[in-house]
Each structure stands twice: as C-alpha cells, then as structure tokens.
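Take a look at the structure set out below.
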Amino acid sequence: MLLRDESTESANHGSTHATSPNLAPQLETEQIDELMSESEASEETDKQTIQETQDSGKVFLYPSIAAHFPFKTADRLLDDVVHDLSFINSTEHEILYSDLHAGILKSPVLPYSRKIGKLRSYNLGSLVDQVALQTKFEYDSVSCPQHNHLQVFMGVLIDVTQQNVATFDNLTTLPIFHLKVTVKTRDILERTRKRAGITHYHIVDEEELHPYDKQDLLTFDAKDPQLVDYAIYVSSDANKLILIEIFKPEFNSLEKQQAFTEDSIAQRYERACEKFDSLDPSKVPTQPDCINTLFKIFKGPLNRKNSTDPRKTINPNNVSLNSHIDPSWLTSKYGFELRVEKDEETGEEILEYAPPDLTDYHRDYKVRKLRESFTRKCLELIFLGRVSIRLLSEEEINKTPKTFRIFSMMQTNFSTMFWFQLLGEYRAIFNTESNSPLDADHHFIDLCSSYNYIDKDIIRNYEVQCSLDPDNVGVYVDALNFIANRKGAYQLIAYCGKQDVVGKEALDHALSAFQIDPKEVDPHSLSDTVLLSIYKSETSATRNQNRHVDLKNSLRLLAKFKKSPKLKFYADYEPYRSLAQAYDVLEVDESVDDDIIQTAYSVKINDSPGLKLDCDRALYTVAVNTRSLTLFNFLMQQCDEFQIYFGPDQFTYQDALTVLQVNENAGDDTILEVFQRKWHKEPIFDPDQFLKLKSALTKIAIERNSKLILHFIDTGTVDASCLPVENWPTGLNNIGNTCYLNSLLQYYFSISSLRQYVLSYRKTVNDLIKNPEYASRRIGGREITESEVERSVQFVYQLRDLFYSMIHAQERCVTPRKELAYLAFVPSGLGVEFELPRESQDNGNSLEKEKFINIDSEPSPPPNDEPLLIDLDDDNNGNSNHDSDEIMVENDNNAADDIKANAKEKVGHQDIDVLMTDNLLPKDGAECHRDGSPPNVAEQVAIMNTSTRVAKISSDQLENALEMGRQQDVTECIGNVLFQLESASDPISLDNDNEQNDLVKQLFYGNIKQNIIPLSDETRIRTKYERFLSLLVNIGDHPKDIYDALDLYFRDEYLSLEEYGNVKRTVAVTDFPTILQIQIQRVYYDRERFMPFKSIDPLPFNETIYMDRYTDMNDPVLLRRKEETQKMVLELSALKKRQSELLSKNDLGLSRKGALIETSNFLKSGVLESQGIHVENQSALAEQLEKIVSGVDEELSQLYHKITQLEGQISHQYDEFKNIGYSLFAVFIHRGEASYGHYWIYIKDRFKNGIWRKYNDETITEVPESEVFNFAEGNTATPYFLVYVKQGKEQEIEPLKRVLE
C-alpha cells in the first residue's frame, strides 16, 4: 500500500516535523481590512452605493465599466483562450516582435483578428468525472456571501499538433498547459440588471479591481512565475467578473524525461531491484504505471476532506514508490515532508513522507493556492496517462490491466460547453446550430460576433466598438458590411445603408486597387481629377472583368469617402463594358436606329422608373459606341447630371478652342471639320471624350452665335446651305428620269484617278481611228466600229465638261446636258448621226428655249418637231445664238463679248443654284495662237472635224432615250458608260486576244477562273478565265448577310454536260480589281401574276469585307477550311430542309405538329362514339399521337440548336484570313417597286472624317452611318449596288473636289 492513514493531529503532537501554515480567521480579517484601507486611499467609490465595509451585492462596483476598452463576448473570450498560447509560442517574425507575443487575452481584437485564423488552436480539455478528481469549485463571496458566489473551473490546453504522440518518449515532450477560470456572479444584479442578448465583457486592469473583488481573488498573483497569461473582464450589465489564468505545465520537460522515458524507467527499476529482492527484474513497469503512481501520490492529499481526517503518509521503502518514481522528488519538488515517527507497538522510529494539509482551502487562500497546484498536477497526469495507455500493446495491457482500467475510466472531455455553462450563457447552451466557418473570419472577430448572432446583437456590438474605438470606425464598418452581405440579413443590410462611413479595410483596398499605398498617401489629399485619371488608366489596361468590378467598387467607395458628387456621377454612369448588355437593358436590337432607341428608353423608364439609372447608362453606352451625336443630345436632355458636368459652362471660350485644337481665327466650317475628325476618327480612349468635345463645340457655337454649328449640334448633320460653296460637293439636277444616272455620275466623279483622266481628256476621233496600232483592239471581246468611237469621244467630252462644272461652279448644283444623258442611256451599238456644228435659232443649249423633261411630267417636243441639235461645245466657244446654218467664222472681240454677255444674261434668269455646264467650259490655250488671237476659219474647221461634232437627234429620240433610262437596269447603264470610256481611251496594252487594257480595266475589272471537273476523271480539268465587272448576288436565295450571298455565288455546282457527263464547276477569283462592285439582284418575275416584283429582304453588309475565301490560292489551310465549311453548309442545308418539312403546313393551314394534335384531340373528343363509329385501340392511338407530337417538339428543338451552332461556326470559319480586304465607300439605293421608284447614292468621304453623304439629285446632305447600314425589315429603300475599294487604295476616293476662283 502506497499511502497509509496517519493518526489525528493530537496523536502526532509529539512528533518532530515542520507543519504547514494554518492561517487563522483573524489573519484573514486583518488582510481584508488592509485591502479595504488601500482601496479607500486609491479609488473613489460611488457615495450612494458604497457606504459600508460590507458589500450588499445590490450595487454596481464598476458603474463606468461600459467605457472600458476592449470589450469581448463569451464566444470571443473562449476563442482567445484556445488561441492565446499559439501567439505566445509563435515563432513568426510578425508576432514574435509584437505585443501579441505576450498573449491576446487582454488585447483588443483588431491587432490579431487577421492573424488568429492562420494559427492553430489548442484543445481545451476538462475532466467530467468529478469523483476521481474535483476540478470545478464553487465558493461563497468573502465580501458578500449572501448574494455573491464564485465558480472556479480548471482544465488543460493541449497543442493539437503534438497531441497525437507516437512513442512513450514522445509523450515526455508534450506540454500540457493549465487553464483556470474564476467567475464571480452577483445574483441580485443578475436578476435585476441582466440584459437580453449577448453579454458584453469589458477589460479591467488588476489595479482597477474593486477591493470587494480583490477579497475573493486572493489566490490570483499576476507575478506568479507559473502564470503565462491572464485577463480580468467584467460584464457591463450585471458586473459579472471573469478571471482567466493560463499556467505553465506542472511538470517541465526535464521532469517528465527523468520520470517517464523508457530508459529512465528501466534504470530506476534496475536500482529498485537491487534494493528490493521481491522485484522481478523482467517485469519493468510501464509508463502508465509510473504516471498512475505519481497521480495517486498527489491525489491522496486532495481526498482528505477536513483536518480531523487522518492524513495518509508514504513509507520511503515502499516498493512501488521506489520502482516507479524517485522518492526524493517528494520533498525536493512536491512539498512533502520526511518525518520521523515512532511505531506505537514497537516504539521503533519510522521515516514517513507526509503530504501538506490541504483541507482548509475554503478559508486559507495560501492553502487553496497549493491545493490548486496539486489539482493541476493530477489533471496533467490524467491526460498524460490517457495518452500513454493508447501506446500500450495488447500484451502490455494484459500485464497491467488495473492501470489501463484506471485511466480508461477517467472521463475527459474536449467540449467547450462548460464555458457557456460557467458564464451562464444559456443562449449558447441551447443553441442547436453548429458554429459557422465564417466565425473565424476577421470581420466577425472585429465585431466580436458569431454567424449565429441575431442582427440586433451584431448591430449592438458594432455600435459599442465604434464608440470605444472611434479611430477604427472604418474597420468596424467593413466588418458590418461583410457580415450583412454574408448573412444576407435585410435588417443588417438596411442598417449598413444608413451608415455614412467608409470602412478602413474597404478604403485601403480601394486605394490599393488604384495602386496607391494607403500607408504612404493620405486619401484626403487626392483630387477628383487624379483619382479619375488613375481609374481610367487602370480600367483601360485590364480586360479582366473581376478587376474592372473591383476598380468600379473602389471608385464608388472613394466617392463616398471624399463625399464627391463628381466621382459618384462617374461611377454611376460609366458605360457598360458590353454593348450587348446596353441593348439588353433597353430591350432593343443592335440594328435599330437612334429614334427607336430613344423611344425604347422613354417607354422603359415610364414603365420602370426605378431602372432609370440603368437606362441612362445603357443610353450612354450606345451613344459612345455608335458615336451618335443625336443620342448624346437626347441623353443630356433626359439626365440633368450630364448637363451639370458636361454642359457648355464647363469651359471658357479659350478652353473650348484648346479642346478642339483650333485657334480663334478658324472658320466655323473648319471647326466642324476638326470636330468631326476627332469625333469619328480618334480611338475611344475615354467615354467622356465625346461629352467634352460636344461641350466645347457648344460653347464655341454659343459664343459665336454660329447657325452652322448650332444646327450641327441639334441634328448631327451639316446644313450645306450654311457652308461656303467650296466646302460641299456639287449636286446634279434631274432632267427627267435621270436620278440613277446622277447617282452614277457622282460615283464616277468621286474616283479621283478616273475624274482626273476625264478632266484631262483631249483625244479626237482621228487620234483613235487612224492609229494603225488600235485597229485590232477589242473591248468586251469585240471590235469597235468607227461610229462607236465617234460617239464615245463625244460622250467623254460631255462628261469632261460636267466634271469641270462640278469642280468650278459657283453654285451648289449644275444641270447635266441632255446629250450626256442621251449618250449614256442609248446602247453603244445604236449609231448616232453627227455633223459639223451650225448656227441655229433654236439652239439646243439655249437656256430660254430648252425645255427640261421633269420626272413628274411628259417632255414637250420642240416647235414644229424640228430636230433638236445638241451642240457639243468645242474648246473655243461657249454658246452660239446665230440663226444662220453656216459655220461661225466671225472672231472679233465684239462678237465674243456679245456671246459672253448673252450667256450671262441668260444665266441671270435662272435659279442661282442651277447652271448649265455650257457656261463653264475650260479655255484651252492650245486652241488659240501663241499671241492669244483666236484661230482663223480654216483652223476652226479643222478643229471641228477632229474634236467635237453635233449629234442630230429629234425630241422623240431624246424622250425615248430618257424612257429607256427609266426602264434600264443600272448595270446596263454602267456597262454602256464604261464601254464608251474605254472606246474613247488609248489602250495601255493589248492582251493576247487583243482585249484592250486601260484605266477602266485597272479600276473596275477583275478575273475569274472557272474549272469544269468531270467526276469520272478529275484529271481532265477544263479551265476558263473570264473578266468580271461586278459580282451578282441573288437576294432570292435569302442569304443572311453579304458573305452568305457571296458564298452562294462562289459555291461549287454539280452539273450534267453532254461532253463530260456529271461535272463539278468551281469558281474563284484570280485577280481582284481596285474597286469591287457587288450587284444585288432584287427584281424577279412573278409567273403567276405575269409581272416583275422587287424583293426588299434586308441583306446586311459590313463596312469592311475580306475576299480571301474566294481567291484562287493553294494555301493548304485555306483549302482545308473551305472543305470544312462546305461540309458544314451541306449539313446545315439538310437540317434546314428537315426543319422546313416539320414546319410546313398543309392545305388546311396546319403544320405536321398541329395536324397530329388536332387528330389526337378529335380521338379524345368522343365524336366518333356519338356517331356509332368504333375505332380499335382509340385511346392508345391518341396517346401514340401525343408521343409523336413530343418527338416533333424535341426534334425541332434539336434542329434549332444545331442550326444555330452551325451558323455560328460557319460565320467564324474565315476570321483569320484577312489579307484581301475591301472598304465600303458607295451604296446605291432604290426606293419603290420593280417598275418605278427613285434612286440615290451614299458616298463616304474619308478625307472628311469618314462622313457619309446622301447624293439625291441636286440635294446633298450628310447622313448618319445608321442610315446607310439600315437593315430593318420592310424598308423599301434597299441597296442594290455596293462598291468597295481595296484596302490601301482608299486615297483613290475623293468625293469632294471644289476649286473656285
């Protein structure tokens, strides 16, 4: 037996030993009085609450405790307890050299909230079995025993990472720290002052403890060397006091190594065997045996209930004592006494180890402190023993079953439930919700909150933190916003919305997002301009959507922090990054015009006023991406904020000029030109660049009171009437069914090389006919007759005079000569009779006599049906008004002056904007002598014979020609005009077949290669090369866009030829022209109604088109892509065919699905039964039909998805092939039906900021790009001829050419 009973104190009176101190009650009273006197001298107490030396238990000892910082909740304190040692034992540099290394129990949460989640927590262990060892105590308060009481809990803290040891020796390195929690509860205050919700505990310094509380905490010593960390907290409602103490292990590592390693146990046992013969050297005790022995040594004094109970001592010669531990430790380390006593029977003196007396621990705080040390030792040994027995083998357990059973039966627990029981936090005790991982997030820690807290408690925590720590309000705002968003709690979110404070974390993050170090820069010092500049720079540099969202949120936060309406405006109204998103918000398609967008916007905000900001952003986005001045005007009308920040008052006049980079002497037209160049050409580097440009232009317009600029701002187009004549193209008057001829003439005029060639034309008929080198030349594969050459030369002269007038006229429009129209319309194969010019009273050029044919009226023939002589003016002469038929030979100055005066007089009777081209003929010096005198008669005759002649045509012929023009296809007129231009031109060279190469061929003609490949023998390829003037695409095939239409033109065809049998025909372009013309075939013949009709199906086209896919190339990648695309097209065709079959309707107007549904409904209706008609399996048949309907639905759905997928793949098959590019510059438009209508042309001016002009006879106006690219359904104004110029040759197109003297 290790321990034996000792006799009573009186029996032991004669023994010689040192007794443990036994503090008398009088000494306790003296200590209390001393403490009270010290308190009265150092602390001012509440006069109304403390009048006596005895605590009544009814008053607040800490009335101002709510102002103490920090405060924590029970959950927060518990988490700090289990993490405190991790900070103390940490080796991380950031913690090691900070205050946190001393522990976090007394620290505010902010210094460690972001670090605690990175550290491990310690396991908090407790002993459930209070019979084996009492670790939970309850005492009456010394100051107020009637109403106040103390509860003490003792547990252990074990490092999780070291808890799972692998060997017995490893166990000796396991540190087990001790936790002691003392809770003083004031029952009366708990009943009367306890608040609902989470209790707040505020820090109290040791010196601030009230003397009444110091009386109850006499065992507490802040200077105790065993004490690792401590903290004292008092609740703000009932002044409940919590003292938390963490102690070092009772056994240090060296002690455990000496006591419990396998080597030390073996050596000690060996020595014991030498001393005690009864020991079997082979039965070495196990580590759990040694731990158990030491446990019983410390447990003995704790079992003694009072001083009258016998005290058990230990014989120094006890075998177990000597074989399991070193007996000398009892006196040297553990406070035992070695006493000499006499045996009552033998009188022999016996040595005994006597433990200290621990029974008077209720009254003697020193005894209590020693008793707590013994309790900690026992508790530590229990946890060591429980770990140690897990290392025993099955054989070792069988050898020492008693020890194994002892430690196995001791119930330990690592639950934290005791904590809340100890603190009386019944909310946590009965809470069935498990802890959330978010509780470890620093935002929750910052507010001492848990995910399971109700909103009211979280808000209260936030308010307390802000009041106690105002310097870090921003941090607490961050935490509250985070918690509100994570919990998704309406009350929290609403409360957050009312907080006009920017969180510190959010502010730091916002500054960091802007690449600003919050530690180096004061955000108050940053101006709005600087922040916006940084924001724009960062957003333009990233394509990451998350990064952009982060920047946007940061800008909003900085706007709130700086209380800047400008930053807030920019953050609110910044355009969407996706244009498609803007259209989705407005619920419109991308192809709609500006007026539709405005209507959609108005409808949307009327239906949903709450979405106005989104609609404003969407409108702004569309305006920026389309560069629509109209939409910007509308936006500023609808949103006052834009007017505030981008109105004309934002600039001074000089600042506005600086923005546009013009000086104050620049004319209005120049300013507009600069504005348009900046508006249309400059890349979009900043969405508000357009608003700034508009604001600057508006300021200039107001200062100058410029009608031209103001009209442009209001409409987005230039009012040509306000421009100088030289700044706008010349219009062409309609002389009768010539609207499309006018469009064609404007088109050719815009091609600079062709225009320059015509203007410099000086050829004669003889030059072309009498040159033997030209005798064999061919145009269009045939030879040219002399009469064709003659009329072609005359046609070019007419065109030259018109072009010259269009450049030099002082008026805004000119009238083409009727003979030009006649020669353009009449097929070149029809001869025209020419004669030398003669004087005539009814000269065809007379402005007074000439009757113009109006498109709305029938032309009137000349009087007496006399032939109308069309005078193709020579280079000498203007108009001739002589009545004689003879050749004019008078050349004196008076006659010339009379002619000029007469011409001026006649012009004076006309509209100032209309001028016959006769009046502006170029004066060629080559036609006069060197001294300036006019040629004589003979010379004039020679000139007449070799350059210009008069065509004899009657008024009927002219009327028929104009009617022919009305009925002609535009390509016929184009072919006729180009043929005459070629016929009148010198060939640059002749091909092998004598086909003439000239400027027209270089500009407009390309070459196509056609292969006929027999399917039976693909080596017998027949190749044919052909020139093409334009590519004809068929709108009747319903192509979805211009590429689809061209694909149909160039697709492979399978034919059956008599010579070759079944063949494949392929078409590819070998040479591309400088100017690519695409004709859209829209007119078809209705064989049922026997009349032509026009298709107005839209055919979308792009401003740029790439022709690589249609070229004759041996690029293996392109060829492979063509094969892939062809397979896709075939598959798509089959899918669409099947889709059409399923959707087609029968004679009753029912689709296949509809017919099946109607049949099924009929079978279910009971009509057949009512008529006595019996159908076998009628119900089953109806069900079968329904299944078929479901199958049709499913098949249609699959077809739709497959078709959509294939069309998307096909549309992107050639995205990487962009070597042969063309840019659109002219679009011919026809509005009306197949048999009537009106023509005009749009031409793009790249030299004027890429504006589009509409050439509508005499009227030329600027139009928005959306009008040109209008592909709306039902629009009768349809493109029928598209003209592209090869990329790199755009300078060839110069629509505006005016030179005025």
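Just so you know, residue 1 is the first one in the sequence shown, and it goes up from there. Keep in mind that this is a model prediction, so the values were computed, not measured.
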Legend entry - Matching residue for K256 among L384, I291, T173 - test: side-chain contact (heavy atoms from CB on, under 4.5 Å):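 So the option named by the test is L384.
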
Legend entry - Criterion side-chain contact (heavy atoms from CB on, under 4.5 Å) against V204, the qualifying member of D213, I65, L61: I65

Inset, instruction - Report the C-alpha separation of T199 and K194 in whole Å, then their side-chain angles, then the decisive distance to 0.1 Å, and conclude whether the side chain to side chain donor-acceptor pair (under 3.5 Å) test is met. - result: CA-CA 8 Å; T199 302; K194 179 72 175 177; 2.6 Å; yes

Do [X] and [Y] pair up side chain to side chain, a donor and an acceptor below 3.5 Å, judged on atom types alone?
| X | Y | value |
| --- | --- | --- |
| H362 | D140 | no |
| N148 | D55 | yes |
| K58 | T192 | no |
| S373 | K369 | no |
| E380 | H178 | yes |
| H149 | D187 | yes |
| S450 | D75 | no |
| D216 | Y139 | no |

So does [Y] get a backbone contact from the side chain of [X], meaning a donor-acceptor N/O pair under 3.5 Å?
| X | Y | answer |
| --- | --- | --- |
| S236 | A66 | no |
| R311 | P355 | yes |
| Q151 | K184 | no |
| S86 | R120 | yes |
| E92 | E94 | no |
| D129 | M410 | no |
| R376 | G155 | no |
| H202 | H68 | yes |
| N239 | Y62 | yes |
| N252 | E255 | yes |

Inset, instruction - Give the intermediate values and the outcome of ring pair (Phe, Tyr, Trp, His ring centres under 6.0 Å) for residues F374 and F298. - result: CA-CA 6 Å; F374 271 60; F298 292 117; 5.3 Å; yes

How far apart are the closest heavy atoms of [X] and [Y], and which atoms are they?
| X | Y | value |
| --- | --- | --- |
| L423 | A74 | CD2-CB, 3.7 Å |
| V128 | N413 | CG2-CB, 3.5 Å |
| T172 | S253 | O-OG, 3.8 Å |
| P301 | L358 | CB-CD1, 3.8 Å |
| L227 | D221 | CD2-O, 3.6 Å |

[atom1] of [X] to [atom2] of [Y]: how many Å apart, nearest 0.5 Å?
| X | Y | atom1 | atom2 | value |
| --- | --- | --- | --- | --- |
| K180 | F137 | NZ | CZ | 9.0 Å |
| I454 | I198 | CD1 | CD1 | 7.5 Å |
| T185 | H147 | OG1 | NE2 | 14.5 Å |
| D79 | I116 | CG | CD1 | 4.5 Å |
| C144 | R186 | SG | CZ | 9.0 Å |
| D309 | K305 | CG | NZ | 9.0 Å |

Inset, instruction - Check R76, H200, K456 against N461 for a side-chain hydrogen bond (donor to acceptor under 3.5 Å, both in side chains) and give me the one that passes. - result: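 So, applying the side-chain hydrogen bond (donor to acceptor under 3.5 Å, both in side chains) to N461 and each of R76, H200, K456, only H200 qualifies.
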
Between [X] and [Y] (judged by ring centroids, cut-off 6.0 Å), do the two rings come close enough to count as a pair?
| X | Y | result |
| --- | --- | --- |
| F71 | Y201 | no |
| Y462 | Y476 | no |
| H101 | F87 | no |
| F153 | F418 | yes |

Anything under 3.5 Å between a donor and an acceptor, one on a side chain of residues 105-113, the other on a protein residue two or more places apart or in another chain? List them.
unit_1: K106; atom_1: NZ; unit_2: D229; atom_2: OD1; d: 3.1
unit_1: K106; atom_1: NZ; unit_2: Y230; atom_2: O; d: 2.8
unit_1: Y112; atom_1: OH; unit_2: K72; atom_2: NZ; d: 3.2
unit_1: Y112; atom_1: OH; unit_2: D80; atom_2: OD1; d: 2.9
unit_1: Y112; atom_1: OH; unit_2: D80; atom_2: OD2; d: 2.7
unit_1: S113; atom_1: OG; unit_2: D446; atom_2: OD1; d: 2.7

Inset, instruction - With sequence neighbours excluded, tell me which residues meet side-chain hydrogen bond (donor to acceptor under 3.5 Å, both in side chains) with S126. - result: none

Inset, instruction - Anything under 30° is parallel, anything over 60° is perpendicular, the rest tilted; go ahead and classify Y334 against W329. - result: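 If you compare the ring of Y334 with that of W329, the planes turn out perpendicular.
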
Inset, instruction - List the steps, then state whether side chain to side chain donor-acceptor pair (under 3.5 Å) holds for Q130 with T135. - result: CA-CA 7 Å; Q130 294 295 297; T135 58; 2.9 Å; yes

Legend entry - Lys NZ or Arg CZ of R386 over F407 ring: under 6.0 Å, within 45°: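 Cation-pi check for R386 and F407: fails.
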
Legend entry - Pair R368 + D360, salt bridge at N-O below 4.0 Å: no

Inset, instruction - Give a yes or no on this: more than 12 heavy atoms of other residues, nucleotides or ligands lie within 6.0 Å of atom NZ of K118. - result: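 12 or below, so no.
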
